[in-house]
Amino acid sequence: MASQPTTTSFALLGLLGIKSWTAYEIVAQIKRGVHFFWPRSEAHLYAELKRLVERGHASAETVEGRRRQRTRYTITPEGRAALEDWFGSRPAVPVIEAEGFLRLFLGDQATKHDLRESLEATAREAREMHAKGKALIEELLHTGGPFPERLHLVEPEATFIAEFYRNVIAWCERTIEEIEEWPNTRDVGLTPRGRQRWQRILAQPDP
């Protein structure tokens, strides 16, 4: 029995809905853009492409590549119907997944040095992701990319992601400065600046 489709299944189906791709091409396309907001390993993506075929949502054919044969995937009518059903369903709740945040949350079991190292590493990673996104935006502005007709869909997300990583970097830097002021990582309690930030949040109207 074929497994049930996941959000990653529909990410791949959506790309196949644009055009047919070889496995190498579609994974490269995901690493170029989708990876910024739906990161998955290459092994997971290759395995999921095979499951699309098992479910009848895509067909696969062997084609000659420059150096070796490759598998080209094409969406089927059943795949388009499944994609249409997915668009009609409710999306999952947005989540934040950041190990640096988790380490800070559990930071009273670590040292100030540990937390500083963790947040500095998080900021470095965020800078790398921001640089990659900025390079992609620059390319799209100059060339339009492979699908210029889709830039109205790409721009809002690329803009949000660039601002998100900039915010993460600023948060890391600010938090590192505040950690340096703590006597240690235990029993510090709510700081005056922390109280002010919470009060500002409560004073804002609901979005």
Side-chain angles (χ1 to χ4, degrees), residues 1-102 122 125-126 128-137 139-140 143-162 164-165 168:
M1 181 181 296
S3 59
Q4 291 297 309
T6 64
T7 304
T8 302
S9 312
F10 293 113
L12 292 166
L13 271 181
L15 288 172
L16 291 174
I18 298 172
K19 57 169 284 188
S20 296
W21 307 79
T22 66
Y24 175 83
E25 289 171 339
I26 200 168
V27 169
Q29 182 66 23
I30 285 178
K31 289 172 66 177
R32 173 182 166 85
V34 176
H35 183 76
F36 282 98
F37 50 87
W38 197 256
R40 293 297 181 271
S41 69
E42 290 189 18
H44 183 82
L45 295 173
Y46 282 119
E48 190 56 43
L49 282 169
K50 294 178 180 178
R51 285 192 282 267
L52 291 181
V53 177
E54 293 172 0
R55 298 185 195 109
H57 292 168
S59 61
E61 63 172 329
T62 302
V63 295
E64 294 296 330
R66 293 181 183 177
R67 299 181 179 177
R68 60 185 178 86
Q69 292 182 328
R70 297 188 181 277
T71 303
R72 179 174 295 279
Y73 293 87
T74 303
I75 194 169
T76 63
E78 292 80 6
R80 289 194 181 278
L83 190 61
E84 183 177 347
D85 289 342
W86 177 67
F87 272 114
S89 67
R90 178 178 293 185
V93 176
V95 296
I96 295 174
E97 182 176 316
E99 188 172 335
F101 285 34
L102 178 60
T122 299
E125 295 288 347
E128 289 180 11
M129 293 296 288
H130 184 271
K132 290 178 182 177
K134 190 174 179 181
L136 178 59
I137 289 171
E139 176 194 336
L140 294 176
T143 70
F147 304 104
E149 72 280 5
R150 304 188 72 254
L151 289 183
H152 63 296
L153 305 171
V154 174
E155 180 276 323
E157 294 182 338
T159 299
F160 172 85
I161 290 167
F164 168 76
Y165 282 118
V168 169

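All values below were derived from every heavy atom in this structure, side-chain atoms included, with hydrogens, water molecules and symmetry-related copies excluded. On a predicted model such as this, the values are computed, not experimentally measured, just so you know.
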**Student:** Any chance you could measure F37, atom CZ, to F160, atom CZ, to the nearest 0.5 Å?
**Tutor:**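 These two atoms lie 11.5 Å from each other.
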
**Student:** Please find the pair of heavy atoms, one from S20 and one from T74, that lie closest to each other, and give the distance.
**Tutor:**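 In terms of heavy atoms, the two residues are closest at OG-OG1, 2.8 Å.
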
**Student:** Any non-hydrogen side-chain atom of H57 less than 4.5 Å from a side-chain atom of L13?
**Tutor:**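 Side-chain contact under 4.5 Å: yes.
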
**Student:** Do you know which two heavy atoms are closest between A60 and V53, and how far apart they sit?
**Tutor:**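 It is CB-CG2, 4.0 Å.
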
**Student:** Where do L52 and L16 land on the side-chain contact (heavy atoms from CB on, under 4.5 Å) test, with the steps shown first?
**Tutor:** CA-CA 11 Å; L52 291 181; L16 291 174; 4.0 Å; yes

**Student:** Drop me the distance from L12's CG to Q29's CD, to the nearest 0.5 angstrom.
**Tutor:**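 Between L12 CG and Q29 CD, I get 11.5 Å after rounding to 0.5 Å.
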
**Student:** Within a 6.0 Å radius of atom OH on Y46, are there more than 12 heavy atoms belonging to other residues, nucleotides or ligands?
**Tutor:**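 Above 12, so yes.
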
**Student:** If I take atom CG from residue L45 and atom CD1 from residue I26, how far apart are they, to the nearest 0.5 angstrom?
**Tutor:**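 One gets 8.5 Å once the value is rounded to the nearest 0.5 Å.
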
**Student:** Nearest heavy-atom pair of M129 and F36: which atoms, and what distance?
**Tutor:** O-CE2, 3.5 Å

**Student:** Kindly check if the number of other-residue, nucleotide or ligand heavy atoms within 6.0 Å of CD1 (I96) is above 12?
**Tutor:**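 No, CD1 of I96 has 12 or fewer neighbouring heavy atoms, counting only those of other groups under 6.0 Å.
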
**Student:** Taking all heavy atoms of Y73 and all of A23, pick out the closest pair and write down the distance.
**Tutor:** CE1-CB, 3.8 Å

**Student:** Around atom NZ of K50, are there more than 12 heavy atoms from other residues, nucleotides or ligands closer than 6.0 Å?
**Tutor:**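 Counting neighbours around NZ of K50, 12 or fewer heavy atoms of other residues, nucleotides or ligands fall under 6.0 Å, so no.
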
**Student:** Start with the C-alpha distance between E99 and F101, add both sets of side-chain angles, then the distance that settles side-chain contact (heavy atoms from CB on, under 4.5 Å), and finish with yes or no.
**Tutor:** CA-CA 5 Å; E99 188 172 335; F101 285 34; over 6 Å; no

**Student:** Taking C-beta and beyond as the side chain, do V63 and Q69 meet within less than 4.5 Å on heavy atoms?
**Tutor:**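 Sidechains of Q69 and V63: no contact.
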
**Student:** Let's go through K134 and E139 carefully: what are the C-alpha distance in whole Å and the side-chain angles of both, what is the deciding distance for salt bridge (charged side-chain N to carboxylate O under 4.0 Å, His left out) to 0.1 Å, and is it a yes or a no?
**Tutor:** CA-CA 9 Å; K134 190 174 179 181; E139 176 194 336; over 6 Å; no

**Student:** Working to the nearest 0.5 Å, report the span between CD of Q4 and CZ of R55.
**Tutor:** 7.5 Å

**Student:** What pair of heavy atoms forms the shortest contact from R32 to L140, and how long is it?
**Tutor:**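 Answer, listing the atom of R32 first, then L140: NH2-CD2, 3.8 Å.
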
**Student:** Which heavy atom of L15 sits nearest to which heavy atom of W21, and what is that distance?
**Tutor:**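 Where L15 meets W21 most closely, the heavy atoms are O-NE1, 2.8 Å.
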
**Student:** Quick one, V168 with T122, criterion side-chain contact (heavy atoms from CB on, under 4.5 Å). Give me CA distance, side-chain angles, the key distance, then yes/no.
**Tutor:** CA-CA 8 Å; V168 169; T122 299; 4.3 Å; yes

**Student:** Whether E42 and K31 form a salt bridge (side-chain N of Lys/Arg under 4.0 Å from carboxylate O of Asp/Glu) is what I want to check.
**Tutor:**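 Answer for the salt bridge query: yes.
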
**Student:** To the nearest 0.5 Å, how far apart are CD in E128 and OH in Y165?
**Tutor:** 11.0 Å

**Student:** Working to the nearest 0.5 Å, report the span between CG of L83 and CD1 of I75.
**Tutor:**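 Those atoms lie 5.5 Å apart.
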
**Student:** Assess the residue pair R150 and I18 against the criterion (side-chain contact (heavy atoms from CB on, under 4.5 Å)); give the C-alpha distance rounded to whole Å, side-chain angles, the decisive distance to 0.1 Å, and a yes or no.
**Tutor:** CA-CA 10 Å; R150 304 188 72 254; I18 298 172; 3.5 Å; yes

**Student:** For T7 and W38, test the side chains for any donor-to-acceptor distance below 3.5 angstrom and give the result as yes or no.
**Tutor:**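 Checked: T7/W38 side chains show no N/O donor-acceptor pair below 3.5 Å.
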
**Student:** Is a donor from one side chain sitting under 3.5 angstrom from an acceptor on the other, for R72 and S59?
**Tutor:**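 There is no such pair between these side chains.
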
**Student:** If you count every heavy atom of other residues, nucleotides or ligands that lies below 6.0 Å from E97 atom CD, does the total exceed 12?
**Tutor:**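 Counting neighbours around CD of E97, 12 or fewer heavy atoms of other residues, nucleotides or ligands fall under 6.0 Å, so no.
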
**Student:** Examine the side chains of S9 and E48 and answer whether a donor and an acceptor come within less than 3.5 Å of each other.
**Tutor:** yes

